[in-house]
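In what follows, chains are A, B, ... by sequence order, proteins preceding strands, each numbered from 1. Keep in mind it's a predicted model, so treat the numbers as computed, not measured.
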Protein chains: 2
Amino acid sequence: MLSKKTKYGIKALTFLAKQEDKTPVAIATISKSENISLKFLESILLTLRKNGILGSKKGKGGGYYLLNSPSNIPMTSVMRILEGPISMVPCVSLNFYEKCDDCPDENACSVHKLMIQVRDNTLKIFKNTSLADLCKD
Amino acid sequence: MLSKKTKYGIKALTFLAKQEDKTPVAIATISKSENISLKFLESILLTLRKNGILGSKKGKGGGYYLLNSPSNIPMTSVMRILEGPISMVPCVSLNFYEKCDDCPDENACSVHKLMIQVRDNTLKIFKNTSLADLCKD
DNA sequence: TTATTAATCTATTAAATCGATAGGGTAGTT
DNA sequence: AACTACCCTATCGATTTAATAGATTAATAA
């Protein structure tokens with residue numbers, strides 16, 4: 001299941017991408033518009049900033065803004081930052097690989113085999129979808 | 001992330017599917033072979049039995065066995081029984097649909113749009129993969 | 001027939017982790 | 001002075017992953 005963190009994060013990013021100009025938007029503005037808990041959203045936007053997706057400005061007129069154009073932000077980045085691994089199992093993860101304790105041979109593992117297929121397909125979608133695509137229509 | 005419950009369940013099913021004959025296999029046998037906690041596996045096999053995937057036999061020489069041929073067990077069934085919804089978000093789930101609290105309009109939601117694509121692709125894989133496919137090579 | 005053993009079944013509980021959120025205070029900007 | 005991002009901590013609840021203890025059933029050996 002997708003965590004609310006990721007869900008809210010994507011919604012907030014979409015909101016920012018839809019802005020006409022690139023002036024900072026206050027957390028409270030996004031929070032109200034998208035019905036997201038203010039404090040929760042705060043921490044989400046912070047991690048997006050720390051990971052190079054967003055910039056921020058303090059004080060009056062401050063807020064968050066996109067650092068790149070929406071078409072240059074692939075969903076793979078967003079998902080990996082907010083949700084973590086895209087794979088359903090660590091042993092098929094490209095960026096978060098981990099060996100299974102119980103599995104003596106990965107290539108013989110039925111779960112492994114199945115989950116590689118799922119990962120490949122999901123990855124393809126996230127790679128080919130940018131933040132700009134989510135704003136269309 | 002895939003729960004260990006589902007992971008262990010699939011491994012156990014694969015083990016049963018690989019059996020020559022269809023005589024019952026004791027939980028302990030599967031537990032040892034696949035490195036799965038005995039008691040945990042016990043509860044997993046129980047839910048698979050209650051959901052019509054497995055049959056069981058008590059007493060000496062008892063154990064679990066597949067009710068259908070492996071090629072007639074699609075991964076959609078297994079996943080839905082063990083893991084629950086295949087969708088990453090309830091609002092795009094076919095079998096476990098639930099409306100989002102925060103979303104006034106699903107069709108306008110960027111997350112919804114993205115997750116429908118993921119669901120469709122994942123579903124296709126699970127539909128086209130049977131337990132028999134996981135046993136090959 | 002009886003006792004023993006092997007196995008599933010059932011229920012309860014516990015530990016640990018994670019998700020989601022709330023509160024309060026700090027620091028930089030206008 | 002007002003505003004706003006930033007940071008730290010604590011909490012509450014749910015879920016996952018078991019561990020524990022026993023009850024039930026069936027085959028087999030005596």
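Side-chain contact check for A:Ser93 and A:Glu98: no donor-acceptor pair (N or O, by modelled atom type) lies under 3.5 Å.
Ranked by how close their nearest DNA chain C nucleotide is to the 5' end, A:Gly61 and A:Tyr8 are led by A:Tyr8. Both A:Leu38 and B:Ser56 lie near DNA chain C, and the one whose nearest nucleotide falls closer to the 5' end is B:Ser56.
Backbone-only contact: B:Ile27 has heavy atoms under 4.0 Å from sugar-phosphate atoms and none from a base. Using a 4.0 Å heavy-atom cutoff across all strands shown, B:Leu46 reaches sugar-phosphate atoms only and no base atom. Among the atoms of the strands shown, base atoms are found under 4.0 Å from some heavy atom of B:Lys39. Among the protein residues, A:Lys50 comes within range of the sugar-phosphate backbone only, with heavy atoms under 4.0 Å from sugar or phosphate atoms but none that close to a base.
For D:dA5, the OP1/OP2 oxygens have no side-chain nitrogen or oxygen of A:Tyr65 closer than 4.0 Å. Contact annotation: A:Ser37 reaches the phosphate of C:dA22 (side-chain N/O to OP1 or OP2, under 4.0 Å). The shortest distance between the side-chain N/O atoms of A:Lys60 and the OP1/OP2 oxygens of D:dA5 is not below 4.0 Å. Using a 4.0 Å cut-off, no side-chain N or O of A:Lys57 falls inside it from OP1 or OP2 of D:dC3. Within the structure, a side-chain polar atom (N or O) of B:Arg49 is placed less than 4.0 Å from OP1 or OP2 of C:dC9.
B:Gly84 approaches B:Phe96 most closely through the heavy-atom pair C-CE1, 3.8 Å. Across all non-hydrogen atoms, the minimal contact from B:Arg49 to B:Leu54 is CG-O, 3.2 Å.
Nucleotide C:dC18 holds its P atom 15 Å from the CZ atom of A:Phe40, rounded to whole Å. As rounded to whole Å, 10 Å separates atom P of D:dT17 from atom CE of B:Met1. At whole-Å resolution of the value, CD in A:Glu83 and C1' in C:dC18 are 12 Å apart. If you measure from atom CD of B:Glu42 to atom P of C:dA6, you get 16 Å, rounded to the nearest angstrom. To the nearest angstrom, C1' of D:dT25 lies 13 Å from OH of B:Tyr64. Taking atom CG of residue B:Asn35 and atom P of nucleotide D:dT17, one finds them 16 Å apart after rounding to whole Å. Here the C1' atom of nucleotide D:dA19 and the CD1 atom of B:Ile36 are 17 Å apart, to the nearest Å. Taking atom CD1 on B:Ile44 and atom P on C:dT8, their separation rounds to 14 Å, with Å as the unit.
Other residues, nucleotides and ligands contribute over 12 non-hydrogen atoms within 6.0 Å of the CG atom of A:Asp21.
Screening A:Val118, A:Asn128, A:Leu94 against A:Leu123 for a side chain to side chain contact (heavy atoms under 4.5 Å, CB included) leaves a single residue, A:Leu94.
Considering only side-chain atoms of A:Lys58, the nucleotide from D:dA5, D:dT24, C:dA20 that sits closest is D:dA5.
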